[in-house]
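I have placed the structure first, in the form of structure tokens, so that the comments after it can refer back to it.
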Number of protein chains: 4
Amino acid sequence: MLIVMKHDATPDDVAEVVRVIEEMGFTAHAVASAQRTAIGITGNQTSVDSSRFAYLSGVAETIKVTKPYKLVTLDFHPAKTIVRVGDEPDAPTIGGEELAIIAGPCAVESEAQAFAVADAVKLAGARFYRAGAFKPRSSPYAFQGMGEDGLKILASVRERTNLKIVTEAMNENQVDLVERYGDMIQIGARNMQNFMLLRRAGRSHLPVLLKRGMSATFDELLSAAEYILAEGNEKVVLCERGIRTFTQHTRNTLDLAVVPAVQRVSHLPIIVDASHGTGKAYMVAPLAKAGVAVGADGLMIEVHDHPEQALSDGSQALTIKDFETTMREVRLIHEAVAPIAV
Amino acid sequence: MLIVMKHDATPDDVAEVVRVIEEMGFTAHAVASAQRTAIGITGNQTSVDSSRFAYLSGVAETIKVTKPYKLVTLDFHPAKTIVRVGDEPDAPTIGGEELAIIAGPCAVESEAQAFAVADAVKLAGARFYRAGAFKPRSSPYAFQGMGEDGLKILASVRERTNLKIVTEAMNENQVDLVERYGDMIQIGARNMQNFMLLRRAGRSHLPVLLKRGMSATFDELLSAAEYILAEGNEKVVLCERGIRTFTQHTRNTLDLAVVPAVQRVSHLPIIVDASHGTGKAYMVAPLAKAGVAVGADGLMIEVHDHPEQALSDGSQALTIKDFETTMREVRLIHEAVAPIAV
Amino acid sequence: MLIVMKHDATPDDVAEVVRVIEEMGFTAHAVASAQRTAIGITGNQTSVDSSRFAYLSGVAETIKVTKPYKLVTLDFHPAKTIVRVGDEPDAPTIGGEELAIIAGPCAVESEAQAFAVADAVKLAGARFYRAGAFKPRSSPYAFQGMGEDGLKILASVRERTNLKIVTEAMNENQVDLVERYGDMIQIGARNMQNFMLLRRAGRSHLPVLLKRGMSATFDELLSAAEYILAEGNEKVVLCERGIRTFTQHTRNTLDLAVVPAVQRVSHLPIIVDASHGTGKAYMVAPLAKAGVAVGADGLMIEVHDHPEQALSDGSQALTIKDFETTMREVRLIHEAVAPIAV
Amino acid sequence: MLIVMKHDATPDDVAEVVRVIEEMGFTAHAVASAQRTAIGITGNQTSVDSSRFAYLSGVAETIKVTKPYKLVTLDFHPAKTIVRVGDEPDAPTIGGEELAIIAGPCAVESEAQAFAVADAVKLAGARFYRAGAFKPRSSPYAFQGMGEDGLKILASVRERTNLKIVTEAMNENQVDLVERYGDMIQIGARNMQNFMLLRRAGRSHLPVLLKRGMSATFDELLSAAEYILAEGNEKVVLCERGIRTFTQHTRNTLDLAVVPAVQRVSHLPIIVDASHGTGKAYMVAPLAKAGVAVGADGLMIEVHDHPEQALSDGSQALTIKDFETTMREVRLIHEAVAPIAV
């Protein structure tokens, strides 16, 4: 932490700040310039709480330098994490050389629908199936998902297709159910700072797909992942799914720059959700290609056999035919990016 | 819902949209202009899902007209709700003539601290005491609250001072505990769309303080409240606590315009959290006054006996002395506003 | 500036950063902690360009400490500026004890309209008249203002009522015209960073009303004002008029916290535009009251004799009757705030 | 326009709205549902001003349907525009099959620097050279550009390399100068709504590069372009350069979804500025690749021979070596995208 003193701070003000720093067990480094004095703090293991200084006389500003997370960083764990979903040797991975494709409908609606979409996305090359059994919906009157019945259908999909099941848990109890029926726990954007849920996921043996909250900063996203790692689960995949901005031409603004930003400081894989990130079917293919070009480790894409009849979020789902086309385009981009990355 | 057709949509395109609307059991009203045709839908009870139309040929845009909430509106319930906290006849209220003052430290830290602050805020005129026993913190390494021990201290505060206890529940289990020890359940900004928690609070006999999420739209805020009312609990108070914007001179941007906006369509009371809404102690008094001037039903203010030693959010807490001054100033504004409101 | 080195930066990396700092003529202060080294810079008069360091090996981050403005600060000019508009001894002021009320229609539409509104706002207590002769409009097909003819009408308004004329200049040439016909140059939100225009206004003898850009940060607002002061014109009044955020219930989000933030570091007066800040007539009164309560030096309010027939922005204009009511309410708040301020 | 009436609007309220619509010369279409009545307007050529209705009794909301622009749309001009820069038959184009690469330093600093960068970017495949002679800078104390001397250097660059010169004009007078020395007028983000400047550019014979304002909506961007086309200049290229959001890991948030959004409704080409869009050199290559993958017609990239000594924005400029690598990567993506686009 750096404490910047006011222009007219007195030597006594500076001395008092130094005294408080030392009382906290840290070391103070005062640097005076013609304009003002700044006091650096060392000796702290994690972030220093700025509250202690805000009320001291002569203090203009406090600037944080130390980050509030550690386990997720390349400083702590220099090798990039590859998350294997499933125990078998040929289980699909996220973060390695293959481009992870997670596809499926927004929600499980029936066995027939779930199977139809699953067969199609598998054929087009996806190795992960995503569909919600519990749906967070803004309105209490919207379809809320099939619940455990939906999870049972997902388990049948897995048996039938060998696709890995990625599905959302909205509270701690639902994590128990996802552990019983699924392969990867999704934590949704609205729950990115549901810390009780993060801790529970951190005690699971399943990998976790952590979606960025719609107004989460970079540090908040990594801090949320840190909650999971701090409980012992290192199999975390981040997911950019669009942030809330002033724009109205998309549902959310896909912040693709977060991909290289994460890769610069963290060892965790990161994928891009091109469906929620845009909210409009016609934008999914171009943004999916952009996501691969920017270097993401995978894509999440909503696919529905009859999007116009979907019980939720149909207007952003691809038809099966469009998904197949998109996959072909995306593979070309991945090949164009791959040799460079190596 | 209004469906706007493209400039070059054919009569067949329009006919197909009309057919789908009628298939859904609604009535279609096509209006053709020189530039384009628009088709209105009537006969729907709640919002119509736009997915059914996004994929039809010739559709340019769908525009929602019906709101996704109902119980929270003045259309449904024309009289303003006054929430009484406690059963006794002279229990304090929110939404009526009195200005509700909810004050206390960010977190319960010890009995001594809790008592010192409680005695002081009572003396200055507060009738509600707020302090967290469970703290949602961005970093897993920050102080997470005293848990049930903290709640027990809060129960002693109530016994000692007769202040009503407002405290946060972060998941469904914690609602049980707040029901045991407290008087009003706070749902925090990060949990505004934790729908499991909203439903649980909707089945409580306690009133609920629902804080606006930091990127929640107006409709999302009212929809979250609708979740609680839909379960049977009508004792809901909304709280503006600042939204996330590009600005850096405050922790959040207090959106005071949401107060008249809510009052125009909803019967629920709304208060302003001037502490989280700014994040800086020197701004709390001016924004608290602004909150009263704009017509809020109450204020939430963080107060600490030693803010520089607070275990969380100290830099936004008022000292006891500053809180007393602020209360005097706020009362003057309330009196200046009150006769006008009548 | 503070330069934070990476965890694994070498002593040579640190030495090179120090060497570059010294080459620039500044002094380097390296502070090593267990985790990383940070290097402070002193001896600089203004902000240091971070580019010089971004490409050096081992640099993780650069953090600016020195602000890019100086003349606008209380450090440089400790007494609050009171801007007198006009030369006569009883000319109205902004920044002193009186609450400056700047009212009038969005645009001059005719002499009859201009006179009708002017007579009414004067009667209700306004001492400034604002109306646009040149209107910045998003669409080229919207009414663009009456131009110089509009300015002539404004000059007649002044002669008739003795109200001071505040009107917008959209480029340097229009400043010449405003100097001829008006009393105060308004620089609009869209032109806050039109640096050519700022410099021209800085060379005017008229005071300047500088509206905050809709996505301007605090530092950008003060830097824009600095452009004007740097050219020699110290008669600058800032104006908060709402920022662009994700919300949809208002046209802009009025950021009232910027008022105490400005007052903490700058000597310049600041007023609140409650009309553009909300965009909806029913919100103007509550937000105007909030603006006074938060401590603003004045208000800008749009008033129209027939808002439903206004050629621009009618939906946010107050009727004359509502303006009179609002003025009475606002005066009560001002009186409630005033004794406290002293 | 659609006018939504309140739940409790009376038949008289509806009749009055209809009367006003007809008085304006338009046709009203009232559609009553169980919940509320909505009234559509037809017969209007451009957007209807909502002010006329906001004050009528019983009106809840007005919803715009007609867009405020026309000349820029595919409805009006169904073929995609290809902008040729220069008159010779082999002059480079933007919007056609070739990927337009516009590269160069932020500012002209000297002939030596301008030549060194120009030779290098030409060798790497760029056909456009961009460098500022007039620099809009937040602080009055930052380097403001070389002015006309800089433009003369740019003219020499053109003579030497045959690269087309793209350079910014900050006011109408500077357009005269760019016409004398350059090939394409850049209008910067801060001036996107400088309507005087847009009109002047609309009367130029040179093509215009219009950068999106940092908080410009989709409709505002197209409306700004409409200003230029309305004056007769159809050679307009749009440029996404990042929007202002709450995020801090980048200087701006590159909104790549605006590319397919523009392509869906407008015939104008659109390019991506990967340098300003990120503000950090290490992100330029990944975001440039994403820009090409999403379907942009070109890229703008800052390149400097010694970025660490640049007089402005050095921390986002690529070194010549990194630019060459980026170009190779970008070409691979363009080839991967191209066959699909056909």
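All values derive from a computational prediction rather than experimental measurement. First the proteins, then the strands, lettered A, B, ... as listed; each starts at 1.
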Pick from A:P140, A:S315, A:A281 with the largest number of heavy-atom pairs that fall under 4.5 Å of chain B:
A:P140
Can you tell which of A:N194, A:T217, A:T319 has the highest number of heavy-atom pairs within less than 4.5 Å of chain B?
A:N194
Check each atom of [X] against the heavy atoms of chain B and say whether the ones under 4.5 Å are side chain, backbone, both or neither.
X	result
A:E220	side chain
A:R190	both
A:E231	neither

Got [X] and [Y] here, is their nearest side-chain heavy-atom distance under 4.5 Å?
X	Y	answer
A:Q193	B:S138	yes
B:Y227	A:R137	yes
A:F134	B:M196	no

Supply the atom-to-atom distance [X] [atom1] to [Y] [atom2], rounded to the nearest 0.5 angstrom.
X	Y	atom1	atom2	answer
B:N173	A:N173	CG	CG	7.0 Å
B:N171	A:R199	CG	CZ	12.0 Å
B:R244	A:I243	CZ	CD1	10.5 Å

I'd like to know which of B:A142, B:P136, B:P307, B:G188 tops the heavy-atom pair count under 4.5 Å against chain A.
B:P307
Which atom names give the shortest non-hydrogen contact between B:Y141 and A:A230, and what distance separates them?
OH-CB, 4.2 Å
If you take all heavy atoms of A:S139 and B:P68, which pair is closest and at what distance?
OG-O, 3.3 Å
Could you walk me through whether A:K135 and B:F195 pass the side-chain contact (heavy atoms from CB on, under 4.5 Å) check?
CA-CA 9 Å; A:K135 299 300 308 172; B:F195 301 115; over 6 Å; no
Do any N or O atoms from the side chain of A:S215 and from the backbone of B:M214 form a donor-acceptor pair under 3.5 angstrom?
no
